[in-house]
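Data first, discussion second: the structure below is written as structure tokens.
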Amino acid sequence: MSHADFDMLSNQALAFCGVFYFIAVVAHLAEWAVGRNVPLDVLNGVKADAQAAGRRTAAAAVGGEAGDVLVETDEDSDAAASAAKMARYARIGLISTVVAAGIHFVAVASRGLAADPIRVPWGNMYEFTMTATLFVTIGYLAMYRRYGLSWLSPVVTSFVLITLMADALLLYDPVVKLRDALQSPWLIIHVVAAITATGAFTIGGMASILYLVKERWLAKHADDEGTLNAGYLARLPSLLQLDRMAYRVHAFAFPIWTFAALIAGPIWAQAAWGRYWGWDPKEVWAFITWVVYAAYLHARATAGWKGRNAAIIALLGLATLWFNFIGINFFFGSGSQHSYAEVAPFLLSR
Amino acid sequence: MSEETPTPERKNDGLPNTRTPAGGKPEEGRYSNERDRETGVAPLAPREFLRWTWRQLTSMRTALILLFLLALGSVPGSVIPQDAVDSLASSRWRDQHPSLTPLYEKLSLFSVYTSPWFSAIYVLLMISLVGCILPRARVYFKALRARPPKTPKNLSRLPEYRTFEVDAEPAEVLAKAKTFLGGYRKDLTEASIAAEKGYLREAGNLLFHLSVLVVLVGFATGSLFGYKGGVVVVTGGKFANISSQYDDFNPGRLFQVKNLKPFSFSITDFDVTFITTGRSAGQASDFSAGVDYQTSPTAAAKHTRIKVNHPLNIDGSKIYLIGHGYAPRVTVRNTSGAVVYDGPTVFLPEDATFLSQGVIKVPDASPSQLGFSGVFFPTYASTKTSGPFSAFPDDKNPILSLFVYSGDLGMNSGQPQSVYALDMAGLKQVKSDGKDLRIDLQVGETYPLPNGLGSITFDGVSRFVKLQVSHNPDDWMALLGMIMALTGLLGSLFIKPRRIWVSVRRDGARTLVEVAGLDRSSGGDLSGEVDDLAALLEENA
Ligand code: HEM
């Protein structure tokens, strides 16, 4: 295949993976809609479903007072049927996501092969976004089993879908050769680390958002058993588990970010620009992100800052992270030497 | 919320705090400092007051606030142009905001990262850091040799707890548990095992915090003993490494000029390729400068090319190519045809299209001195609405567009002058037909100036390169500190400090076994390991 073929393949694959992400989002939305009134106990029972439902019906048949019990059974089996439907939708969503991730990978890889000479697929914002979202999906799928992430599915799939759409519509850029500053092995090391950390912080941030949402919801419906027992928020892990998962993901991402932003980045900057650290806007914000996440880790060990406040700090960190990636380029583009900035950086200053 | 004291306290330290705070999250933090609870009013007696201040300063909460201040304090430096990052942009900003400038200067907003208030934040943070790691290091070294805490009486209060009965003898059960708990430090009694591991986590954490100091010291000494200089050289031009040859020279406070290495070089040529398609169109994808250099005046000359990512290293001084631009070549003659100015003049690029600005000073012109000030368009284009602009950064259609001034350039006043600006005090703009005279020249064109001032010819375009020369003797130290910090961080985040207890009691023909675990990291989950241990002890029993 020629470079041009790979270019076309990449564009088509991106469109196709978008379709599958879309199916996944729809499936998870259907799961959410069906599950709005399914009580938790039914849902948990649905795996051991057949016997449980059978036993209940049998009990109802044997029991004398048919009236009440029968009504209950109807409701129960309705709920059980819904629960089974939910499981089906969830499976469709998961499978679509896996397929989408495969095609997404093809899109990213062929983008790298489309360049002449071939190169890593993160030479500009379009490619960076495409690759970072792939990392989010892969991270989510990798942890799906281990941490039982089915509750995160609607959030992850819609995030990836929306980001990819914005990427294709707003940031698309034809394949070109890498600019000089990008031609270095440190590019691969620095950017892989930055993308991995960005993906992980994003997933951690999702857990933190859900923590805050669930906390408010719990407080609001504190004495409303019915509400607390059904629906998406009820199916989320407990606050303790959400907080723990958020912490773990952040703790995984933080050293990688440290490496990307404060070790590999400076080494590369030294080679390219003759200084380790220059307080360029991009560097300033990478540092700010680092400090905010350090504050997050501290907050989790400080009385009165756990849980809610820590989650807010984590989201603040995420905001600085994405601002650095997107905002800086648009607001201070000409002031940044970093290559994802739009304007040619090798202007003369001083 | 109540807290445990930092690290080990012997007696009954194994027990967690089982109260559950509002968020439904049981207390897990073990570090949280008892200092955090000391609020209240400052005592008045001087000694107590000092103690109180110190404790406040070294509390976790203060560290947290200082971290936030540090993040917040970094923001203005990314919004307001910084002298040390882009002095051209910052002086331009000053010109555009005359009323704000004095206030900003007072607040050091053009040099945020060296400003007194920014320094105050990080110095306080560092003091706080030292104040926090010293006592913790002391506690830690004691804890290194400590034994696991005794098995608590009531194991069922621990977060992980399993209990069951088996047939096996207590000793047999304990022996099995002992094998399972291979990596743990263990204390055995007849009826129980107390086991603990993950001591290195705290070491990792201390290493991390210590390294933050190392990085800072590395940074500081690098900038004290090193230097950085920038110089613009037109192709064909020469440079010798003495401080007066630099356009800007920034030595560290303790740098001595005699330490400059005696090298010299000349720029033979400059090559650039611009991307022509896509969003990145107009960005340079390849550029390099040819260099002939000598490591000392008597050494043989060598030729090499420098590019981005490929600096030239001469005896520890590194020479980087950090920018480039155009230097139009003009010849100015007086009315009698004698050449009074001849050569390339550096014009500074203004934007990504390399639209460049500059001035040409002709002190030898007669009858009066001449100054030209104007714009260079590498690829000239013009529309009705936009007026003239540069369509592309490469020199496809170069045009030089100049205003002319005559009078006194003010170069003998003794004041140093910028080569990129005219001193307007003694100059008068030259007019033609009552309007300001503007000369637009293509390569090869000559324009005769009015009033017998002579003529100007645009001969062609040379390029210049901006080079940065730097020497940082201790920059390895900051890097080493960062790597130490990362190592410590990994230990601190991923080593899981945990305690496990197994207690056995013979009850008739059966043995009652209790297994309990406590994870002391702030996010750990011990249930898997406790389950595995319980399953092992329960099986074939
Ligand atoms: C007064 C100063 C400081 C105090 C009292 C302090 C205290 C602590 C403590 C007790 C922990 C353990 C938290 C845990 O186990 O989750 C910790 C972790 C951490 N500290 Fe500090 N620290 C201080 C300053 C700093 C500074 C200046 C930084 C650098 C930005 C920093 C970065 C970190 C990081 C990244 C962690 C996470 C490691 C972990 O969670 O174990 N700390 N700090």
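Hydrogens, waters and symmetry mates play no part in the numbers below; they use all other heavy atoms, side chains included.
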Worksheet item: Given that the side chain runs from C-beta out, which part of Y126(A) has a heavy atom under 4.5 Å from chain B: side chain, backbone, both or neither?
Response: neither
Give every donor-acceptor pair under 3.5 Å between a side-chain atom in residues 257-264 of chain A and any protein atom, sequence neighbours left out.
unit_1: W257(A); atom_1: NE1; unit_2: A286(A); atom_2: O; d: 3.4
unit_1: T258(A); atom_1: OG1; unit_2: F254(A); atom_2: O; d: 2.8
unit_1: T258(A); atom_1: OG1; unit_2: W290(A); atom_2: NE1; d: 3.0

Discussion item. So for V75(B), is it side chain, backbone, both, or neither that comes closer than 4.5 Å to the heavy atoms of chain A?
Written reply: both
Fill in: Region of S74(B) that comes under 4.5 Å of a non-hydrogen atom in chain A
both
Just distance, no hydrogens or angles: give the donor-acceptor pairs under 3.5 Å from side chains in residues 310-318 of chain A, sequence neighbours left out.
none

Worksheet, complete the sentence: When the 4.5 angstrom heavy-atom criterion is applied to I319(B) and chain A, the contacting part is neither
Worksheet item: Under 6.0 Å between the ring centres of H250(A) and Y293(A)?
Response: yes
Fill in: Geometric class of the F354(B)/Y326(B) ring pair [parallel <30°, tilted 30-60°, perpendicular >60°]
perpendicular
